[in-house]
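Structure first, then comments.
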Amino acid sequence: MTAQPEAPIRIEALPQHVGQDVTVEGWLTGVRSSGKIAFLQVRDGSGFVQAVVAASDVSESTFESARAVDQEAAVRIHGQVKADERAPSGVELTVTALDVVASGNTYPITPKEHGVDFLFDRRHLHVRHRRPWAMLRIRDVVERGIHDFFHEQGFLRFDSPLFMPTSVEGTTDLFEIDLFGEDTAYLAQSGQLYAEAGAMAFGKVYTFGPTFRAEKSKTRRHLLEFWMIEPEVAYLDHAGNMDLAEALVSYLAGRVLREADAELSILERDRTTLEATAKGGFARLTYAEAIDRLNEEGGDLALPYGEDFGAPHETFLGDLYDRPVFIEAWPTNIKPFYMQPFDDHPELAKCADMIAPEGYGEIVGGSERIHDLALLEARIKEHNLPQEAFAWYVDLRRHGSVPHSGFGMGLERLLAWFTGAKHLREVVPFPRMLTRMYP
RNA sequence: UCGGCGGUAGCUCAGUGGUAGAGCGAUCGGCUGUUAACCGAUUGGUCGUAGGUUCGAAUCCUACCCGCCGAGCCA
């Protein structure tokens with residue numbers, strides 16, 4: 001144990017300490033050694049650096065311990081920061097002393113290929129590795145970006161409940177919670193209705209929380225538990241709502257390009273669609289125009305007017321552009337009950353879905369909400385929804401009701417697109433799926 | 001729920017009726033510039049489960065279990 005009073009330096013800050021003696025606390029992602037020199041690959045959560053132990057520079061016992069350490073051993077390293085062009089980050093650590101804090105003890109995730117199931121059974125360890133590390137760092141950049149964007153625009157974060165008395169849309173499968181045999185609650189699949197109450201109280205609000213869908217979907221675009229962002233704004237109309245969604249998504253793309261360049265490189269992410277997205281200017285197709293495009297250019301994807309889109313239709317439409325595209329003005333009968341119809345076309349809803357490019361599907365769905373009491377009550381009846389459960393929601397239209405709009409953005413869908421993930425599970429620390437509850 | 005594919009060593013896989021294999025990992029040794037290092041040795045198996053066909057089954061048949069990908073539904 002060498003006396004080393006200074007506080008440890010994080011690896012990401014090492015380029016500012018070239019020539020200095022520092023301490024780094026971390027773990028080993030790998031070790032290579034020969035008879036007289038050892039290379040320790042070190043990570044500390046902030047970055048990666050190679051530490052070089054030369055037999056000629058250190059005591060015999062230090063060199064022996066450097067040769068004996070294993071993958072994921074926890075180590076405290078003392079050494080000098082050296083600029084080195086061979087190093088990916090530009091710096092290396094020349095080791096003067098090494099404390100082995102704990103052994104890696106035959107770490108199971110070896111630096112070779114592994115299957116999805118093997119890695120996600122060990123997700124508690126897997127999150128230490130480069131690719132998950134980059135994914136989850138970008139998740140953090142986006143989450144902070146969302147809060148910054150809304151707060152800069154005068155929004156208030158307004159938390160919605162996770163236990164709900166009923167479904168927001170009346171259709172989706174919900175997870176039931178038994179309340180001691182006395183009542184049934186459901187896990188939230190949206191906070192929108194509560195956000196609408198918030199919009200009338202604070203003008204501009206957004207929710208940011210987990211949501212749950214009990215759909216037996218087993219595709220790369222589905223999780224049982226995912227995070228959703230739902231802004232809701234009083235006095236905002238349908239067109240303004242699309243402007244807001246576009247501003248948010250283009251802001252986030254720009255922020256990831258600026259703040260997560262190294263992470264995008266680790267993921268080998270092509271930046272073309274992100275760079276286009278950051279400039280804004282998203283195309284806006286009406287549902288009718290989208291149907292025409294499908295029928296004229298979509299081949300097998302031809303679809304009669306009035307049908308909802310499937311995943312292949314979304315992929316086709318998304319691939320028409322280098323940045324997201326809005327599909328607006330859908331027939332009201334294939335959309336939820338609360339959407340405001342156009343005055344001159346009551347059969348069409350003032351709503352829009354935002355489709356991501358590159359096959360990542362719908363990332364935003366939003367609309368202007370019905371603010372007229374009588375119309376909302378009629379819609380609830382048409383959809384056979386339980387009137388008692390929606391009484392408070394209807395009551396909002398009785399006291400100073402104004403036009404208002406909002407949308408929901410799926411965090412994981414957005415992140416999967418930003419990062420180029422093959423599956424949503426890659427952008428969540430501990431994904432929850434039909435076949436995945438552990439760890 | 002439906003469709004396609006798959007389950008063999010700790011991991012990734014090869015093996016289509018005749019003695020259970022490779023690479024990596026792990027262990028030991030060698031190597032002063034390695035980037036998934038390299039070289040030598042050692043270690044390693046209920047071939048998803050149950051039943052059937054056969055002189056003989058990882059291999060053929062039946063049922064079931066589990067996983068992956070997709071559809072529907074959705075973000």
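As a basis for the values below, the full set of heavy atoms in this structure was taken, side chains included, without hydrogen atoms, waters or symmetry mates. Order of the sequence lines sets the chain letters (A, B, ...), proteins ahead of strands, with each chain counted from 1.
Atom pair Arg220(A):CZ and rG67(B):C1' shows a separation of 17 Å (rounding to whole Å applied). Across the protein-nucleic acid pair, Glu307(A) atom CD and rG72(B) atom P stand 11 Å apart, rounded to whole Å. In this structure, His313(A) places its NE2 atom 11 Å from P of rA71(B), rounding to the nearest Å. The interatomic distance linking Leu119(A) (CG) with rC68(B) (P) rounds to 13 Å, in whole Å. Remark: P of rG72(B) and CD1 of Ile334(A) are 14 Å apart, rounded to the nearest angstrom. At whole-Å resolution of the value, NE2 in His222(A) and P in rG70(B) are 9 Å apart. In this structure, CD of Glu362(A) is placed 9 Å from P of rC74(B), rounded to the nearest angstrom. The separation between Phe175(A) atom CZ and rC74(B) atom P is 16 Å, rounded to whole Å.
Shown here, rG45(B) forms no base pair; nothing in the strands shown gives a Watson-Crick or G-U wobble contact with both key distances under 3.5 Å. Pairing for rG3(B) is with rC69(B), a Watson-Crick or G-U wobble pair whose two hydrogen-bonding atom distances lie under 3.5 Å. Using Watson-Crick or G-U wobble geometry with both donor-acceptor distances under 3.5 Å, rC24(B) finds its partner in rG10(B). For rA58(B), there is no paired base (Watson-Crick or G-U wobble, both distances below 3.5 Å). As the counterpart of rG33(B), no nucleotide is assigned, since no Watson-Crick or G-U wobble pattern has both distances under 3.5 Å. Across all strands shown, rG17(B) forms no Watson-Crick or G-U wobble pair with both key distances under 3.5 Å.
If you check every strand for non-hydrogen atoms under 4.0 Å, Gly115(A) touches sugar and phosphate atoms only. Using a 4.0 Å heavy-atom criterion, one finds that Gly30(A) contacts no nucleic acid atom at all. Nucleic acid contact for Leu223(A): base, since at least one base atom lies under 4.0 Å from a heavy atom of the residue. Contact annotation for Val364(A): backbone-only contact, meaning every heavy-atom pair under 4.0 Å involves sugar-phosphate atoms and none involves a base.
Residues Val249(A) and Trp417(A) are in side-chain contact: their nearest non-hydrogen atoms beyond the backbone lie under 4.5 Å apart. Looking at heavy atoms from C-beta onward, Phe309(A) lies out of side-chain contact with Ile355(A) at the 4.5 angstrom threshold.
Nucleotides rC47(B) and rA57(B) are separated by 12 Å at their P atoms, to the nearest Å. Taking atom P in both rC73(B) and rC60(B), the straight-line distance is 38 Å, to the nearest Å. Rounded to a whole angstrom, the distance from the C1' atom of rC11(B) to that of rA26(B) is 12 Å. Comparing the C1' positions of rG44(B) and rG10(B) gives a spacing of 9 Å, expressed to the nearest Å. Taking the P atoms as reference points, rA36(B) lies 29 Å from rG70(B), given to the whole Å. Comparing the P positions of rC66(B) and rU27(B) gives an interatomic distance of 36 Å, to the nearest angstrom. Spacing of P atoms, rG25(B) relative to rC65(B), comes out at 38 Å, to the nearest Å. Look at the P atom in both rA20(B) and rG48(B): the space between them is 15 Å, to the nearest Å.
Here ring-ring contact (aromatic ring centres under 6.0 Å, His included) pairs that include residues 10-61 of chain A, with residues two or more places apart or in two chains, are Phe48(A)-Trp133(A). Evaluation of the side chain to side chain donor-acceptor pair (under 3.5 Å) test over residues 316-332 of chain A, restricted to residues two or more places apart or in two chains, returns His238(A)-Glu328(A). Applying the side chain to side chain donor-acceptor pair (under 3.5 Å) test to pairs two or more places apart or on separate chains, those with a residue in residues 30-49 of chain A are Gln41(A)-Gln50(A), Arg43(A)-Glu72(A), Asp44(A)-Ser46(A).
The aromatic rings of Phe118(A) and His114(A) lie parallel to each other, their planes meeting at an angle below 30°, with 60° marking the opposite boundary. Ring-plane geometry between Phe150(A) and Tyr206(A) is classed as parallel, the angle between the planes falling under 30 degrees on a 0 to 90 degree scale with a further cut at 60.
Separating the CG atom in Asn105(A) from the CG atom in Asp70(A) is a distance of 7.5 Å, to the nearest 0.5 Å.
Listed nucleotides rG70(B), rC68(B), rG72(B) differ in distance to Asp117(A); the shortest reach to its side chain belongs to rC68(B). Checking rC11(B), rC2(B), rC74(B) against the side-chain heavy atoms of Ala311(A) singles out rC74(B) as nearest. Nearest nucleotide to the side chain of Ser217(A), out of rU12(B), rC2(B), rG72(B): rG72(B).
Of the residues in residues 259-288 of chain A, none lies under 4.0 Å from RNA chain B by heavy-atom distance. Residues of residues 422-439 of chain A having a heavy atom closer than 4.0 Å to RNA chain B, listed by number: His423(A), Leu424(A), Arg425(A), Thr435(A).
Side-chain N or O atoms of Gln80(A) include one that pairs as donor or acceptor with a backbone N or O of Gly19(A) at under 3.5 Å. Checking side-chain atoms of Thr219(A) against main-chain N and O of Arg221(A) turns up a donor-acceptor pair under 3.5 Å. The closest donor-acceptor contact from the side chain of Asp121(A) to the backbone of Tyr438(A) lies at 3.5 Å or more, if one exists at all.
Taking side-chain N and O atoms only, Arg221(A) has a distance below 4.0 Å to OP1 or OP2 of rA71(B).
The shortest non-hydrogen separation linking Phe158(A) to Thr207(A) is O-CG2, 3.1 Å.
With RNA chain B read from its 5' end, the first of the two nearest nucleotides for Pro108(A) and Thr219(A) is the one closest to Pro108(A).
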For this session: Run the numbers on Thr273(A) and Glu358(A) for side-chain hydrogen bond (donor to acceptor under 3.5 Å, both in side chains), then give the verdict.
Result: CA-CA 8 Å; Thr273(A) 65; Glu358(A) 302 178 82; 2.6 Å; yes

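A donor-acceptor pair shorter than 3.5 Å can be found between the side chains of Tyr338(A) and Gln192(A). Between the side chains of Asn241(A) and Ser367(A), no donor N or O sits under 3.5 Å from an acceptor N or O.
Applying the 3.5 Å distance criterion, the base of rC11(B) shares no donor-acceptor pair with the side chain of His114(A).
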Seminar exercise, completed: Protein heavy-atom contacts under 4.0 Å, written 5' to 3' over nucleotides 24-37 of chain B as B (base), S (sugar-phosphate only) or - (none), form the string SS-----BBBBBBB

